[in-house]
2 protein chains.
Amino acid sequence: MVRGGMRTGDGRMAEGRAMDRVATIRDVAARAGVSIATVSRVLNGSGNATPETMEKVRAAASDLSFRPSTIGRNLKAARTRTVGVLVPSLTNPVFAESVAGIQDAAAEAGYSVLIASTDYDPGREVRAIEGLLSNRVEGLVLTVADADRSGSLDTLDEVRLPYVLAYNQPERVPRAHVSVDNVAASRAVVERMSALGHRRIGMIAGRFRQSDRSRRRHAGWLAALGDAGLPPGPVVEVDFNETRLAHRLAPFLEGPERPTAFFASNDMLALATIRALRDLGLSVPDDVSVCGFDGIEVGRLMAPSLATLVQPARAMGATAFECLRTGFSGELQGRAVMLPFTLRPGESLGPAPSTSSQALSERRHTQS
Amino acid sequence: MVRGGMRTGDGRMAEGRAMDRVATIRDVAARAGVSIATVSRVLNGSGNATPETMEKVRAAASDLSFRPSTIGRNLKAARTRTVGVLVPSLTNPVFAESVAGIQDAAAEAGYSVLIASTDYDPGREVRAIEGLLSNRVEGLVLTVADADRSGSLDTLDEVRLPYVLAYNQPERVPRAHVSVDNVAASRAVVERMSALGHRRIGMIAGRFRQSDRSRRRHAGWLAALGDAGLPPGPVVEVDFNETRLAHRLAPFLEGPERPTAFFASNDMLALATIRALRDLGLSVPDDVSVCGFDGIEVGRLMAPSLATLVQPARAMGATAFECLRTGFSGELQGRAVMLPFTLRPGESLGPAPSTSSQALSERRHTQS
DNA sequence: TTGTAAGCGTTATCAA
DNA sequence: TTGATAACGCTTACAA
């Protein structure tokens, strides 16, 4: 075999060099001249052994760079110390952050993390769950589109595998979850907008039929508008991967009665909205304000910086994992954990334009 | 035990409900009234069986919602069909994207993905590698800080576990990797800047001692400046997590001889740079242009949109996985795959300001 | 076509 | 203190 070449015909992962068989506990035992039981005991610190024996075993293990196989260990122990994670997408910063939080907490507790993402594809979601179940994860932290109507969650219920939802806030089915109070959070956004003088407030949201979060946030938006005595502005429902929004927004932006602020049900949508407004020749926030929901970090870096309702994403993941691991302390009512949210001010959310300044801005933009 | 309460004293993952033992192949065999060998054969489609037997087995498996344990399977097969992934951070979109690419390719090939992230912490990196090795991953796709000086890679070499680097481009040690040609890519950026009239071009880069990518990109920047007959502008080395750059940049932005363009060695740095310039009262791109490196998607959405050298992140991950799985076809020289890059134009990179327009912009900004 | 049995790498029980 | 051995869930010769 050529150097650098690899045999692949055996279906195994290609090997840069011939990979010699990994050392097993038996190899260590042979080299140390003891039984495998002794090796196990020494390496695990269970049971006693004479100093010399311990030394022999450790030396042998070290020589062979022996690492106990978690497979063998798992098989024996009937547990894997592995947690499954399922997210719609790793490329949405809010999920990436929460996964990072799960990783932190899991590593701390000595758990491995098996990650799968669905890219909003139901078929992939089913296969991912199957894979995680076959891998005998001890529990799952996951975010689904709609926690009230999810085949995956039904499956988990059937096989009685513990799970904790992150971000989801189911309305009908009582399911363990960690989230913020989406309704209250959305109200906070609208109240701020109202305090800034906005009277015509629209909403850009993910499909209500597909997302419990979107529904909740819409409900909060609606309720707050009602409380403030404001009429609901236009609602634009968009699909998950829709990034070009200009043609969707254009119809609502004509005439003097157009909204002066938009609440986007998540930050990616907020970014797309700002982009679209800009493409339509409107200034953010001079003409129209925008506030997002999630609190992704890049929002702080862009210009205008993104005003957003901040969810503690990292804590969301870490907390969900901890809930899974330790169990909720209370009973049923304790099966939900609400994390605190904050409103992060940003340049994208400013005071409502007065009629005169609005006209001014209008002139400025038609010039260019 | 209370409903919703969970036992945790046994050290197991908390259970929302009593989790009955998962069905094994023996349970299925018993229920179907056949031997476990028959169950295995039927479910794997290996060997023959009468239609009735197959039916019985499938029914029993379905009734018990039996899913073959990959643990038992792996142990027997002495292979895991699992690939390890190690990235510095899941929250940097460029890594998140490449992980997504790995996931895609792995799922396609029937592999599971075990992910660990280091958060640029060497201690965590060591532990992560240990964990992946213990889990008997068949190979690794990973991105390290400096592929020329990495204890983790040395470990992998020692145990002869196949791996492919993603993004890294080692200079001295020949190691399998998938990347873009960082030097050529950086040259392309500088050439574009030069073509736009920029004569004083600075660089914001990650620490050279810590990052092979940073070194390569700096080399390309330097070479291109030389070719264009331009003097090297200021170089600002920053740490991984540094996001506040204003005070670092300020000293270089005084006087008429200040740079009119900055090349940032990655997109997160580019965003931080734009932010800092803005904080310093400078307009991007009217006063100073900025171009990043990576091609993260959010760059398109912000305003000004980010000009950047696009690496095919998703393909980077997918290709690295494929290289790992199938092996590089050639010999040693084939152990590197170079992916194509493109320069994505963006509003952050414009023509160099003329002296008069520069003064104008100066006035405009001191007003506000 | 189907069943018996060995073995994968551990840990744990029980003897010695 | 140490060793022989069974067991975990599965696949796969080999035998019936």
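The model shown is predicted, which means the values in this text are computed figures rather than measured ones. Chain letters run A, B, ... following the sequence lines, proteins first and then strands; every chain starts at 1. Note that these values count all heavy atoms, side chains included, but never hydrogens, waters or copies made by symmetry.
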Are A:E130 and A:R127 ion-paired here, with the side-chain N under 4.0 Å from a carboxylate O? no
What is the first contacted nucleotide of DNA chain D and what is the last, in 5' to 3' order, if contact means an atom lying under 4.0 angstrom from a heavy atom of chain A? D:dT1 to D:dG9
Kindly state each residue pair satisfying side-chain hydrogen bond (donor to acceptor under 3.5 Å, both in side chains) with at least one member in residues 52-61 of chain B, sequence neighbours excluded. B:T50-B:T53
Look at all strands and tell whether A:I25 reaches a base, only sugar-phosphate, or nothing, counting heavy atoms closer than 4.0 Å. base
Axis-to-axis angle across the helix from C:dT1-D:dA16 to C:dA16-D:dT1, five pairs each end, nearest 10 degrees, ~ 50°
Between A:R175 and A:D157, does any side-chain N to carboxylate O distance fall below 4.0 Å? yes
Can you tell me if B:T155 and B:S152 form a side-chain donor-acceptor pair at under 3.5 Å? no
Do the side chains of B:E138 and B:R81 get close enough for a salt bridge, i.e. N-O under 4.0 angstrom? no
Should B:S117 and B:L86 count as side-chain neighbours, where that means a heavy-atom distance under 4.5 Å? no
Are more than 12 heavy atoms from other residues, nucleotides or ligands located less than 6.0 Å from atom CD of B:E108? no
Scan residues 26-41 of chain B against DNA chain C and write down, sorted by residue number, each residue with any heavy atom closer than 4.0 Å; if none is found, say none. B:V34, B:S35, B:A37, B:T38, B:R41
Reading DNA chain C 5' to 3', which nucleotide is the first, and which the last, to come under 4.0 Å of any heavy atom in chain B? C:dT1 to C:dT10
Going by heavy atoms closer than 4.0 Å, what residues in residues 42-61 of chain A are next to DNA chain D? A:N48, A:A49, A:T50, A:T53
Applying salt bridge (Lys or Arg N to Asp or Glu O under 4.0 Å), run through B:D154 and B:R149 and close with a yes or a no. CA-CA 9 Å; B:D154 295 339; B:R149 181 174 34 232; over 6 Å; no
